[in-house]
Amino acid sequence: MNNIIKKLSNKKILTYKEMKEFFIGYLNDLVSDEEMTLCLKLICKNGLSDKEIFDLTDIFINSGDVFPKNSSFIDKHSTGGVGDKTTLIVLPILASLGVRISKMSGRALGYTGGTIDKLESIGVKTNLTKKEFYNLVEKNNMVISSQTDNLCPLDKKVYALRDVTGTTKSVALIATSIMSKKIASGAGKILIDIKVGKGALIENEKQARELARIMIEIGKKYDREVICMLTRMDNPLGDNIGNKIEIMEVIDILKNNKQNNLTRLCIEMSSLMYSLSKNSSYEKGKEMVISSLKTGKAYKTFLNYIKAQGGTLPKNDNDPKYEIKSKRNGYIKSINSMIIGETSMHLGAGRIKKTDKIDYDAGIILSKNIGDKVKKGEVLATLYGKKLDTRTFYNAYKLQILKPKIKDIIIDIIK
Ligand code: URA
């Protein structure tokens with residue numbers, strides 16, 4: 001065991017056999033959390049070569065069930081952000097257009113939310129048997145379930161440790177973690193949304209491009225088509241952050257009642273995924289996606305999906321705890337998504353520890369977003385949930401006198 005630590009410290013290349021012994025040893029409790037933490041910290045510090053990343057991905061894939069490649073199975077994954085509810089919008093759009101899509105999603109940990117918690121907040125059953133899973137895809141063209149225990153169990157164990165040891169922000173580890181799950185699940189076509197910015201695991205564009213490159217290379221090794229979107233995560237995605245509260249924004253967008261950075265991202269993502277799945281042009285995809293939103297097809301598909309998995313539509317009947325009012329006049333230049341995410345977590349919408357219970361009604365609704373004009377005393381945001389000191393919440397906002405130029409949420413699309 002010490003050999004691998006010594007080699008990593010001396011920046012020597014590890015062999016497949018050495019990594020397999022160490023990582024599978026960890027899965028089987030033969031390597032301790034402390035030893036694995038040391039290894040992960042060295043990987044975060046020094047990185048891994050491409051060959052080591054390919055080998056480690058392969059070890060993760062084969063740590064559990066591996067489904068054969070299905071060329072028509074399309075999947076998406078996001079590296080995680082504050083207010084990210086794209087799955088819940090993109091899947092009904094695609095399903096309404098005849099793109100079959102099934103997805104395994106995760107729970108909230110730290111300041112970013114989890115799709116599964118959002119669905120459970122409105123009573124959607126996510127712990128499905130294999131039979132239920134396949135019946136539901138057949139019926140609605142879409143299904144979302146929690147991850148089975150035996151899909152990349154090594155990633156599950158290593159990810160939980162990364163989360164509590166400050167070792168989440170490594171290009172090599174993120175690529176290995178995401179691509180192993182996508183490949184093991186059998187997806188033939190994969191869209192990855194790489195979030196870049198203050199509220200994301202990846203803080204700069206250079207790292208994001210490197211992550212996109214290596215994920216596309218891993219895809220090639222297993223004959224999978226991979227598209228990476230690089231998208232901004234300096235500001236929260238959309239206006240609602242929480243669980244039930246996020247579902248309310250999903251409904252607004254699917255009803256075609258709301259245009260914001262989240263709507264823009266979901267339309268682009270759905271158009272790309274449609275064209276990838278149907279081998280059509282991007283323009284055709286976009287036309288279909290917009291029409292599904294305008295005609296209410298996407299919303300209807302969402303309603304059928306919620307009903308089929310036992311959920312009910314949410315109502316915002318929770319009492320607001322605080323209204324945060326602007327202290328001055330100006331335009332909103334930026335909203336720090338990390339502060340928003342952390343506040344939402346402390347209000348009760350997320351978990352500080354893995355065992356914490358979520359308050360499904362807790363969260364934040366932003367009434368003003370970037371680029372908006374505000375007057376002193378106007379409400380910037382409404383907070384729901386536990387009592388807390390709201391002074392740091394103001395630090396999330398940067399105001400300026402002149403109307404700021406807002407950058408497009410999409411930085412680049414890499415194929
Ligand atoms: N999502 C994952 O599944 N793994 C990571 O490492 C980061 C985001």
Side-chain angles (χ1 to χ4, degrees), residues 23 26-27 36-37 39-41 43-45 47-48 52-54 56-61 63-64 75-87 90 103-118 126 144-185 187 190-204 207-216 218-219 224 226 228-231 233 237 269 337-338 341 350-351 354:
F23 278 87
Y26 180 61
L27 184 62
M36 182 52 84
T37 304
C39 165
L40 296 173
K41 287 198 167 160
I43 294 177
C44 284
K45 186 166 165 239
L48 289 176
E52 288 167 305
I53 295 176
F54 298 146
L56 194 55
T57 308
D58 199 68
I59 295 164
F60 271 57
I61 293 171
S63 68
D75 202 356
K76 71 171 275 286
H77 198 93
S78 156
T79 56
V82 175
D84 188 351
K85 44 197 102 60
T86 46
T87 291
V90 168
K103 182 141 178 51
M104 288 186 201
S105 290
R107 292 182 185 282
L109 203 58
Y111 61 84
T112 62
T115 303
I116 292 301
D117 296 308
K118 291 169 201 179
T126 57
I144 304 174
S145 80
S146 46
Q147 257 153 38
T148 66
D149 283 343
N150 215 27
L151 191 90
C152 296
L154 180 55
D155 175 64
K156 214 173 195 175
K157 191 163 178 191
V158 171
Y159 193 78
L161 184 69
R162 282 169 62 204
D163 207 67
V164 292
T165 53
T167 52
T168 48
K169 298 186 176 194
S170 146
V171 166
L173 294 176
I174 296 172
T176 308
S177 163
I178 294 178
M179 291 308 290
S180 60
K181 282 177 290 206
K182 301 292 110 177
I183 289 162
S185 71
I190 304 159
L191 185 131
I192 311 279
D193 178 15
I194 301 178
K195 305 262 178 230
V196 191
K198 287 190 199 85
L201 291 177
I202 299 289
E203 284 169 15
N204 64 59
Q207 278 179 327
R209 288 189 186 280
E210 174 54 15
L211 181 58
R213 180 193 69 79
I214 194 75
M215 292 212 267
I216 290 170
I218 296 172
R224 317 291 159 115
V226 180
C228 293
M229 297 178 88
L230 268 48
T231 66
M233 192 68 237
L237 198 48
M269 198 180 276
S337 46
M338 174 95 89
R351 295 184 185 85
K354 246 174 129 174

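Hydrogens, waters and symmetry mates play no part in the numbers below; they use all other heavy atoms, side chains included. Atoms within a ligand are numbered from 1 in the order they appear, just like the ligands themselves.
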- By chain and number, the residues contacting ligand 1 below 4.0 angstrom (heavy atoms only) are His77, Thr79, Tyr159, Arg162, Ile174, Ser177, Ile178, Lys181, Leu201
- Is the closest side-chain donor-acceptor distance between Ser78 and Asp84 under 3.5 Å? yes
- Query: Of all residues at least two apart in sequence or in a different chain, which pass the salt bridge (Lys or Arg N to Asp or Glu O under 4.0 Å) check with Lys85?
  - Reply: Glu249
- Message: Tell me the closest heavy-atom pair linking Ser177 and Asp155, and the distance in Å.
- Response: OG-OD1, 2.8 Å
- Item | Sub-4.5 Å side-chain heavy-atom contact between Ser63 and Lys157 | no
- Message: I'd like to know if the side chain of Arg162 and the backbone of Leu40 have a donor-acceptor N/O pair within less than 3.5 Å.
- Response: no
- Can you tell if the side chain of Lys103 reaches within under 4.5 Å of the side chain of Asp75, non-hydrogen atoms only? yes
